[in-house]
Amino acid sequence: MRHSSRSRALSLFVIILGVMALVAGACADDEEAVSTAPAPAAEPAAPDAAPPPEPAEPAEPMDDAEPAAPAGDDVIRLGYISGGDADPFVLIVTESIREEAAKAGVELAECDSNFSAEEALECARTLAVQDLDSMINWQFFPDSAPEICEAYGNLPTVALDTDEKPCQRVWIGANNHFAGVVSGRGLGNFAQSEFGCNYDAYVSLDIPSIPAVNGPRAGGSKDGFEEVCGPVPDDKYFSIDTLSGGGDQPENTRRQFTDLLTTLPTAEVILVISPSGDSMPGAALAAAEVAGREGQVWVVGHGADGSILDEIRNNPYWVGDVAYFPESYGSIAVPAAIALAKGEPVDEEILIDHVFIDKTNIDDYYPLEGAEPVEDIRLGYISGGDADPFVLIVTESIREEAAKAGVELAECDSNFSAEEALECARTLAVQDLDSMINWQFFPDSAPEICEAYGNLPTVALDTDEKPCQRVWIGANNHFAGVVSGRGLGNFAQSEFGCNYDAYVSLDIPSIPAVNGPRAGGSKDGFEEVCGPVPDDKYFSIDTLSGGGDQPENTRRQFTDLLTTLPTAEVILVISPSGDSMPGAALAAAEVAGREGQVWVVGHGADGSILDEIRNNPYWVGDVAYFPESYGSIAVPAAIALAKGEPVDEEILIDHVFIDKTNIDEYYPE
């Protein structure tokens, strides 16, 4: 079942898109700048400071006291646009923001832009209707920031690592030139001690298309190296553009580094530094191993997130990393965003401290905790799209259950795209996996995606993933539809005697295997109570018409529908496509001055919608899918597949209708 631990360790890093978290935008170039966060844990080291700072959290929360709730009964609501949680560094930042928001008692509405300016704009539009007080924004394209700021109403914004002007009020992120100097000194000190600074090549894994980041990092890295080993000769200096060839930086790096090795057939000491993050050095080492050049390449990365710590500890060719402490971002960003929401002053720039971490000091900063995994099993997981609250809850349940089971989990977010699901499959294919959990939403794409990850035995969630599917876990779609339809019908009967002007189904016709039974079952359940729906009262909205932003598509089309029904006073809406779309319909009705004429039922009943079910008089109820339970079913099934043990071919989720009368039985406050 296992490959060698050496090849597994190397292939781990030829994975997802590179640490775009670390390549995302400009920050101060002054290597002597220090963190301006109040009460920092320690003064950062100046470039010529001798010892590194005492091990400590590099930045502490802006206020040690419990954050006070705003005046009155209002709760602060923060928005967050993630750069791309498929990247390990970004995901750690995201999790730290979630944790700090929960500690502070504020609500957090989040959306993953998945390394795309277009998706960041869709995120902004989605968040714009959520009554937010301030934003934390980490989309990676400064040129897109004005349009994105405008899309969410120019809310006061905490920017992470990338300029988000004009709405930016606080900038938090890397001290890029100083981080480069730290990494270069680390590589130089290694080269001096091991080779007397005699080397054949110095290779920089760059991101030239993002010069505000790459310039100071790559330049600082070379400056720091040259402080120790002197100027790098032109004929020994090589740069690889890790974005040349598309968004798959590790693959671009692997390909170009392989080509470079062929031009250096006699080179025996090749030093590699990666201003573009930590996935790319791993790709270079993997290329060296495949080429039979292992033992000739040594690397230094930027990031030192949790995904790379084992390499720093155990891989003799991984010299070290400059640390960016992604786990500390939330403790700075969330208090800053709360202060903006309250109209309180905040420093305009807060810099992360950086230290060089290698085998000699890693346990000072990141001590080993817990035992090794109890199962020598690696699972892969393709998420359908964590920007959706329901999907995110499923994803979190899978992470939690994998951690409980002591198995490793490699994951990638397909973000509602068959093309991105295929990229995820290719990324995961090199990670020495034993089985897969796959939730990409396009069955027609499944054969190509299965092939891309080697047809590993697969647990499919809610969507057929044949031919590699061995277990199918998910909704009993027609029954779930019937449950929701009956709920809407019972409401219509009790409130209006089944007299209504329109029945609107918020559909996903491009996924007929799901939409057909859900939408059909919903109509069947409604008709059990209220009789057949007349053709002239039945309306369907394609929530994917217009792109991946389903709530915006729904809002736009529902607004148009309302104009065609100027005298309608009882409009019943049912959403087989999930819970974000009914909210968009209600928002459209409110804007149109038609609040009180639209009532909705959703599918999902995830945590993001429970307050609506409890308190919104126009939210009739939801059919529950219990997303928090998926992981407890899917992970054991995937482990069984990895072990070659038998598993039921189909495992269905139970469904109940949840409304104001019974919600506390299932989800007590």
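As the structure is a computational prediction, the values presented were derived from the model and not from experiment.
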Quiz item: Leu610 and Ala605: which non-hydrogen atoms are nearest, and at how many Å?
Solution: CD2-O, 3.7 Å

Practice problem: Return yes if some donor-acceptor pair links the side-chain N/O of Asp622 with the main-chain N/O of Ile658 below 3.5 Å, else return no. | Solution: no

Exercise. Walk me through it: do Ile172 and Val158 pass the test side chain to side chain contact (heavy atoms under 4.5 Å, CB included)?
Key: CA-CA 7 Å; Ile172 296 170; Val158 175; 3.5 Å; yes

Practice problem: Could you tell me whether the side chain of Trp472 reaches within less than 4.5 Å of the side chain of Ile651, counting heavy atoms only? | Solution: no

Quiz item: Quick one: are Val573 and Val601 in side-chain contact, heavy atoms under 4.5 Å?
Solution: no

Quiz item: Taking C-beta and beyond as the side chain, do Gln550 and Leu544 meet within less than 4.5 Å on heavy atoms?
Solution: yes

Quiz item: Is there a side-chain contact between Ile613 and Tyr667 (heavy atoms, below 4.5 Å)?
Solution: no

Practice problem: Measure from the side-chain N and O atoms of Asn553 to the backbone N and O of Asp549, and report whether any donor-acceptor pair falls under 3.5 Å. | Solution: yes

Exercise. Return yes if some donor-acceptor pair links the side-chain N/O of Ser134 with the main-chain N/O of Leu78 below 3.5 Å, else return no.
Key: no

Quiz item: Which pair of heavy atoms, one from Asp507 and one from Pro576, lies closest together, and at what distance?
Solution: OD1-CG, 3.8 Å

Quiz item: What distance do Leu428 atom CG and Asn438 atom CG have between them, rounded to the nearest 0.5 Å?
Solution: 9.0 Å

Quiz item: Short question: side chain of Ser383, backbone of Asp413 - any donor-acceptor pair under 3.5 Å?
Solution: no

Quiz item: Distance-only, no hydrogens or angles: does the Arg470 side chain make a donor-acceptor pair with backbone N or O of Cys468 under 3.5 Å?
Solution: yes

Practice problem: Taking atom types as modelled, find out whether Thr395 and Tyr381 have a side-chain donor-acceptor pair closer than 3.5 angstrom. | Solution: yes

Quiz item: Measuring from Trp619:CH2 to Asp611:CG, what's the distance to the nearest 0.5 Å?
Solution: 11.0 Å

Quiz item: Val591 and Thr559: side chain to side chain contact (heavy atoms under 4.5 Å, CB included), yes or no, with the steps?
Solution: CA-CA 9 Å; Val591 170; Thr559 298; over 6 Å; no

Quiz item: Taking everything shown except Glu448 itself, do over 12 heavy atoms lie less than 6.0 Å from its CD?
Solution: no

Exercise. With rounding to the nearest 0.5 Å, note down the distance linking CD in Glu401 to CD1 in Ile639.
Key: 9.0 Å

Quiz prompt | Side chain proximity check, Gln557 to Ser545, heavy atoms < 4.5 angstrom | solution = yes

Quiz item: Do the side chain of Gln139 and the main chain of Phe141 share a donor and acceptor less than 3.5 angstrom apart?
Solution: yes

Quiz item: Between the side chain of Thr157 and the main-chain N/O of Ala159, is any donor-acceptor distance below 3.5 Å?
Solution: no

Quiz item: Ser276 side chain to Leu205 main-chain N or O, any donor-acceptor pair under 3.5 Å?
Solution: yes

Practice problem: Return yes if a side-chain donor-acceptor contact under 3.5 Å exists between Thr543 and Thr554, otherwise no. | Solution: no

Exercise. Take the angle between the ring planes of Tyr324 and Phe89 and call it parallel below 30°, perpendicular above 60°, tilted in between.
Key: perpendicular

Exercise. Show your reasoning for whether side chain to side chain contact (heavy atoms under 4.5 Å, CB included) applies to Ile633 and Ile653.
Key: CA-CA 10 Å; Ile633 306 170; Ile653 302 296; 3.8 Å; yes

Quiz item: Taking all non-hydrogen atoms of both residues, which atom of Val391 and which atom of Gly385 are closest, and how far apart?
Solution: CB-O, 3.2 Å

Self-check item: Residues Arg426 and Glu251 bridged, charged N to O under 4.0 Å
Solution: no

Quiz item: Of the non-hydrogen atoms in Leu392 and Arg98, which two are nearest, and what is the gap between them?
Solution: CD1-NH2, 3.4 Å

Self-check item: His603 side chain to Ser575 side chain, donor-acceptor N/O pair below 3.5 angstrom
Solution: no

Quiz prompt | Trp138 side chain to Leu160 backbone, donor-acceptor under 3.5 Å | solution = yes

Exercise. Take Tyr152 and Thr126, measure what side chain to side chain donor-acceptor pair (under 3.5 Å) needs, and give me the verdict at the end.
Key: CA-CA 8 Å; Tyr152 61 67; Thr126 298; over 6 Å; no

Quiz item: From Ser632 OG over to Lys404 NZ, what is the distance, rounded to the nearest 0.5 angstrom?
Solution: 8.0 Å

Quiz prompt | Pair Tyr329-Asp161, side chain to side chain contact (heavy atoms under 4.5 Å, CB included): steps then yes or no | solution = CA-CA 10 Å; Tyr329 274 57; Asp161 274 331; 3.1 Å; yes

Self-check item: Pairwise distance CG(Asp85) to SG(Cys412) - rounded to 0.5 angstrom
Solution: 11.0 Å

Self-check item: Sub-4.5 Å side-chain heavy-atom contact between Pro447 and Pro467
Solution: yes

Self-check item: Expected output: side-chain Ser113 to main-chain Gly83 donor-acceptor under 3.5 Å
Solution: yes

Practice problem: Please name the pair of heavy atoms, one in Arg77 and one in Gln130, separated by the smallest distance, quoted to 0.1 Å. | Solution: NE-O, 2.9 Å

Quiz item: Atom CG in Asn214, atom CD1 in Ile207: separation rounded to 0.5 Å?
Solution: 5.0 Å

Quiz prompt | Any side-chain heavy-atom pair of Pro627 and Val394 under 4.5 Å | solution = yes

Quiz item: Side-chain contact, heavy-atom cut-off 4.5 Å: Leu561 with Val504?
Solution: yes

Quiz item: Which heavy atom in Ala475 sits nearest to a heavy atom in His655, and how many Å separate them?
Solution: CA-NE2, 3.6 Å

